[in-house]
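Indexing begins at 1, ligand by ligand and atom by atom, following the structure's order.
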Amino acid sequence: MTDRLYYHDSYLTDFRARVVDVSPDATSPDRRRVYLDRTAFYPTSGGQPFDTGELAGFKVLEVIDEGDRIAHLLDGALAEAEVAGRIDRDRRFDHMQQHTGQHLLSAVLVELFHAPTVSFHLGAETCTIDVAGALKLEQLREVERRANEIVFENRPVTIRFQDSSEDLGLRKPTEREGLVRIISIDNLDRSACGGTHVRATGEIGPILLRKLDRIRGNLRIEFLCGGRAVARARADFDALSHIARAFSSPLDETPVLVDGQRDRLQESERTRRRLSTELAQASGRALYGETVAGPDGIRRTLRHVESLGEEIRVEAQTFTTSGRAIFVALSESPPAILLAVSADSGVNSGEVLKRLLSATGGRGGGNATLAQGSLPSATALQELAESLSQELKFPV
Ligand SMILES: [Zn+2]
């Protein structure tokens with residue numbers, strides 16, 4: 001059974017231990033799975049990730065809780081019988097801040113709004129807790145304010161071992177039998193927990209609530225504590241300053257300015273669309289006027305365009321609406337074709353294009369007067385254009 005040194009002292013990062021078992025790792029023959037008589041390395045459990053660091057100079061890649069024993073996965077073949085271990089202190093302290101912050105937040109959520117925590121996840125960038133029940137944004141602001149108030153009061157956070165038969169007065173009942181490790185925040189919370197925590201709430205640092213999501217009937221609250229909260233606030237400020245500079249506006253006035261700009265942009269976009277439709281209609285009419293009809297009375301035009309957008313469809317439809325007309329548009333990249341015909345042209349555009357597309361490996365279709373398709377290559381487009389010109393009697 002491994003003696004878990006972190007149970008008594010979360011601040012211990014350097015320790016010595018005896019190796020009790022070493023075995024090659026199943027996934028890689030160069031790696032070793034090492035068991036010690038005692039360890040300060042925290043294994044992944046209860047939503048908190050494992051510690052990283054070194055053991056006898058080898059990198060600790062993973063720490064696994066196997067119940068009675070803790071396995072350390074090393075990146076090399078350990079030979080010593082006694083080893084020195086060192087934990088990455090920054091990573092551990094970060095986990096302590098987030099984890100203790102979670103206890104505090106969960107307790108405040110119960111204290112203020114009777115909202116129990118269902119689960120907790122400590123991620124590489126952010127942490128989340130899932131809370132049962134529905135809370136409003138203003139209520140969460142109140143939770144954030146109260147949580148930080150308790151941080152400022154710097155209340156002691158203590159570890160005690162008590163027997164499960166006693167009245168433990170826990171926030172959430174435990175199923176553990178025998179000795180239970182209890183983490184208390186003075187006058188606020190008592191939780192059964194095997195994780196690593198700071199010794200007073202002041203060390204949690206600022207607590208910042210962020211994103212809210214509804215997940216399977218629960219509320220998922222993203223939060224950050226201590227160093228993470230400061231780093232996030234710095235990144236937010238940098239991003240907001242960048243936006244404010246782009247708008248040449250003081251930071252606090254930028255949200256209102258952005259709303260105004262967005263409204264104006266939507267208005268401009270509506271105007272642009274209207275004008276571009278009008279322009280396309282005018283082009284279609286002008287093109288019809290200057291196109292000479294063939295001996296059969298049909299006006300034919302073939303346009304090379306950059307892309308087959310809404311404008312070209314409007315131009316094509318305007319051209320063919322006037323009657324006895326065929327309009328073809330080709331775009332090179334991506335290779336695509338549009339065929340519009342008037343109802344009295346004697347041509348069914350959907351049928352003709354579909355047949356020619358399937359002969360050239362293209363895809364698409366449409367109705368009797370307007371059809372469109374895409375081709376696999378410029379050569380295929382060229383081939384289709386030639387067949388189409390021939391079939392629809394375009395002048396060579
Ligand atoms: Zn805990």
Side-chain angles (χ1 to χ4, degrees), residues 2 4-13 39-52 63-65 67 70 87-111 115-124 126-132 143 147-148 150-151 153-162 164 168-209 220-229:
T2 315
R4 301 172 189 236
L5 300 172
Y6 61 83
Y7 266 180
H8 306 278
D9 184 0
S10 294
Y11 293 83
L12 180 73
T13 51
T39 188
F41 278 94
Y42 183 80
T44 300
S45 77
Q48 183 181 329
F50 62 91
D51 288 323
T52 56
V63 190
I64 306 126
D65 197 337
I70 291 176
I87 286 162
D88 178 344
R89 189 190 174 277
D90 290 348
R91 176 177 160 101
R92 160 64 76 81
F93 188 68
D94 167 55
H95 290 171
M96 286 156 65
Q97 284 188 316
Q98 311 311 315
H99 191 139
T100 319
Q102 179 259 310
H103 282 237
L104 202 164
L105 267 179
S106 294
V108 168
L109 280 158
V110 170
E111 178 193 81
T117 295
V118 179
S119 65
F120 160 57
H121 175 71
L122 203 174
T126 56
C127 307
T128 55
I129 45 176
D130 287 5
V131 173
V143 168
N148 281 290
I150 297 166
V151 167
E153 288 168 6
N154 202 23
R155 298 193 193 182
V157 179
T158 50
I159 308 165
R160 273 188 69 187
F161 289 84
Q162 278 181 269
S164 58
L168 300 177
L170 301 174
R171 168 163 47 82
K172 193 175 169 186
T174 180
E175 285 165 11
R176 275 182 180 272
E177 296 282 319
L179 265 195
V180 180
R181 184 173 185 257
I182 295 161
I183 307 300
S184 307
I185 300 174
D186 202 30
N187 265 324
L188 177 76
D189 187 48
R190 284 169 61 80
S191 291
C193 184
T196 58
H197 310 84
V198 296
R199 61 196 144 203
T201 55
E203 286 190 30
I204 297 169
I207 297 178
L208 195 61
L209 300 193
R220 177 161 294 175
I221 306 170
E222 185 185 295
F223 70 97
L224 300 167
C225 301
R228 290 191 188 198

Residues two or more places apart in sequence or in another chain: which of them pass side-chain contact (heavy atoms from CB on, under 4.5 Å) with Ser45?
Tyr42, Asp65
Any protein N, O or S atom under 2.8 Å from the Zn ion (ligand 1)? Found His99 NE2, His103 NE2, Cys193 SG, His197 NE2
Here the pair of heavy atoms bringing Ala229 nearest to Pro206 is CB-O, 3.6 Å
How are the rings of His197 and His103 set to each other: parallel, tilted or perpendicular (split at 30° and 60°)?
perpendicular
Donor on one side chain, acceptor on other, Gln48 and Thr196, under 3.5 Å
yes
Run the salt bridge (charged side-chain N to carboxylate O under 4.0 Å, His left out) test against Arg199 and tell me which residues pass, sequence neighbours left out.
Glu203
Taken in chain and number order and not counting sequence neighbours, the residues that satisfy salt bridge (charged side-chain N to carboxylate O under 4.0 Å, His left out) with Arg171 are Asp189
